[in-house]
Amino acid sequence: MSFTYKVPKRKSNRITYRIMGSIFFLVAFAQFFMVATGYGNHKMLTLIFALFLGSYGIYLIAASFRKQAFDITYLFNEDGLKVTHRYGETQYSFDDIEFVTMVIADENMLFYVLNVKTKKNLYTIPFTMKGELCEKIYEFVNARIKHENNEA
């Protein structure tokens, strides 16, 4: 038995992150340029503001290239969890999975979230309008991982 679930991501979100990051960085650069040429008051405050603004711009640009910003496919099978993302594949056995939790985010039971914690990463998998699949995957994984009081 295996379950495959794909989380699609929009390209427009990545482009928006890059545009906003570039705008923040350019505004910070303009502020540095203004202070360097001698314009403006409160030079130290302006430099601190520009530093934070530029840092946030760089963070937004870098975040648009992380693997969670692209489509991710999760394959839950008897061997464990296989995560396929833009930069390759990552395989986890059930021994590598520390815990799995299922969260029902609204009272209408339309939005489920599955959290899978491995030794290195925490995967938050959204299930919109697919609660039954989320419950089946949760039961499948929870039955196969080691628990503190059940070392089997």
Side-chain angles (χ1 to χ4, degrees), residues 1-32 45-152:
M1 176 185 287
S2 68
F3 298 97
T4 303
Y5 186 68
K6 183 175 183 175
V7 179
K9 300 292 178 142
R10 295 183 185 151
K11 184 177 181 180
S12 62
N13 289 348
R14 293 188 297 273
I15 292 171
T16 303
Y17 267 49
R18 292 173 191 159
I19 290 171
M20 291 303 297
S22 298
I23 289 171
F24 286 156
F25 186 76
L26 288 175
V27 168
F29 182 76
Q31 291 292 324
F32 278 122
L45 185 63
T46 303
L47 286 176
I48 291 171
F49 175 72
L51 178 70
F52 285 125
L53 198 64
S55 299
Y56 187 63
I58 291 172
Y59 168 76
L60 286 177
I61 293 170
S64 72
F65 290 102
R66 69 184 195 276
K67 64 184 173 183
Q68 291 87 359
F70 295 93
D71 294 348
I72 299 178
T73 303
Y74 300 94
L75 174 64
F76 298 91
N77 57 20
E78 294 297 331
D79 297 331
L81 169 64
K82 180 176 166 184
V83 181
T84 306
H85 44 81
R86 179 178 186 195
Y87 301 112
E89 294 180 349
T90 308
Q91 180 74 34
Y92 299 103
S93 68
F94 287 113
D95 293 334
D96 295 335
I97 298 174
E98 294 179 358
F99 68 86
V100 61
T101 58
M102 183 177 65
V103 178
I104 303 171
D106 65 346
E107 64 272 353
N108 296 329
M109 302 180 94
L110 298 175
F111 190 73
Y112 286 68
V113 176
L114 189 69
N115 294 314
V116 180
K117 171 78 169 104
T118 64
K119 293 180 180 177
K120 293 184 179 181
N121 295 320
L122 173 65
Y123 293 100
T124 302
I125 308 167
F127 289 83
T128 305
M129 306 289 285
K130 296 178 180 150
E132 293 178 10
L133 178 62
C134 182
E135 290 174 1
K136 287 179 184 177
I137 291 174
Y138 171 74
E139 292 170 2
F140 178 80
V141 174
N142 197 32
R144 288 163 177 75
I145 62 172
K146 291 182 181 178
H147 298 281
E148 290 180 8
N149 54 3
N150 181 9
E151 291 296 324

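These numbers come from the heavy atoms of this one structure, side chains and all, not from hydrogens, waters or symmetry mates.
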If we only count heavy atoms from C-beta on, is the [X] to [Y] side-chain gap below 4.5 Å?
{"X": "Val103", "Y": "Asn115", "answer": "yes"}
{"X": "Leu47", "Y": "Phe32", "answer": "yes"}
{"X": "Phe94", "Y": "Val141", "answer": "yes"}
{"X": "Glu135", "Y": "Tyr112", "answer": "yes"}
{"X": "Ile137", "Y": "Phe127", "answer": "yes"}

How close do [X] and [Y] get, heavy atom to heavy atom, and via which atoms?
{"X": "Arg14", "Y": "Phe70", "answer": "NE-CE2, 3.3 Å"}
{"X": "Asn121", "Y": "Lys67", "answer": "ND2-NZ, 4.0 Å"}
{"X": "Leu133", "Y": "Tyr5", "answer": "CD2-CD1, 3.7 Å"}
{"X": "Ala63", "Y": "Ala69", "answer": "O-CB, 3.9 Å"}
{"X": "Glu98", "Y": "Ile145", "answer": "O-CD1, 4.3 Å"}
{"X": "Ser12", "Y": "Thr16", "answer": "O-OG1, 2.7 Å"}

What is the distance from atom [atom1] of [X] to atom [atom2] of [Y], rounded to the nearest 0.5 Å?
{"X": "Lys6", "Y": "Tyr74", "atom1": "NZ", "atom2": "OH", "value": "12.5 Å"}
{"X": "Asp71", "Y": "Thr84", "atom1": "CG", "atom2": "OG1", "value": "11.5 Å"}
{"X": "His85", "Y": "Thr73", "atom1": "NE2", "atom2": "OG1", "value": "10.5 Å"}
{"X": "Asn142", "Y": "Phe99", "atom1": "CG", "atom2": "CZ", "value": "11.5 Å"}
{"X": "Glu139", "Y": "Met102", "atom1": "CD", "atom2": "CE", "value": "7.5 Å"}
{"X": "Thr124", "Y": "Leu114", "atom1": "OG1", "atom2": "CG", "value": "9.0 Å"}

Tell me if a side-chain donor or acceptor on Arg18 pairs with a main-chain N or O of Ile15 at a distance below 3.5 Å.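 Between the backbone of Ile15 and the side chain of Arg18 there is no qualifying donor-acceptor contact (under 3.5 Å).
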Checking Tyr17 side chain against Phe65 main chain: does a donor-acceptor pair fall under 3.5 Å?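 No; zero donor-acceptor contacts below 3.5 Å.
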Between Ile97 and Val116, is a side chain to side chain contact (heavy atoms under 4.5 Å, CB included) present by the stated rule, with each step listed? CA-CA 7 Å; Ile97 298 174; Val116 180; 4.0 Å; yes
Quick check: are there more than 12 heavy atoms from other residues, nucleotides or ligands sitting under 6.0 Å from [atom1] of [X]?
{"X": "Phe52", "atom1": "CZ", "result": "no"}
{"X": "Glu78", "atom1": "CD", "result": "yes"}
{"X": "Lys82", "atom1": "NZ", "result": "no"}
{"X": "Phe25", "atom1": "CZ", "result": "no"}

Assert yes or no for the condition that the ring centre distance of Phe140 to Phe76 is strictly below 6.0 Å.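 So the answer is no for these two rings.
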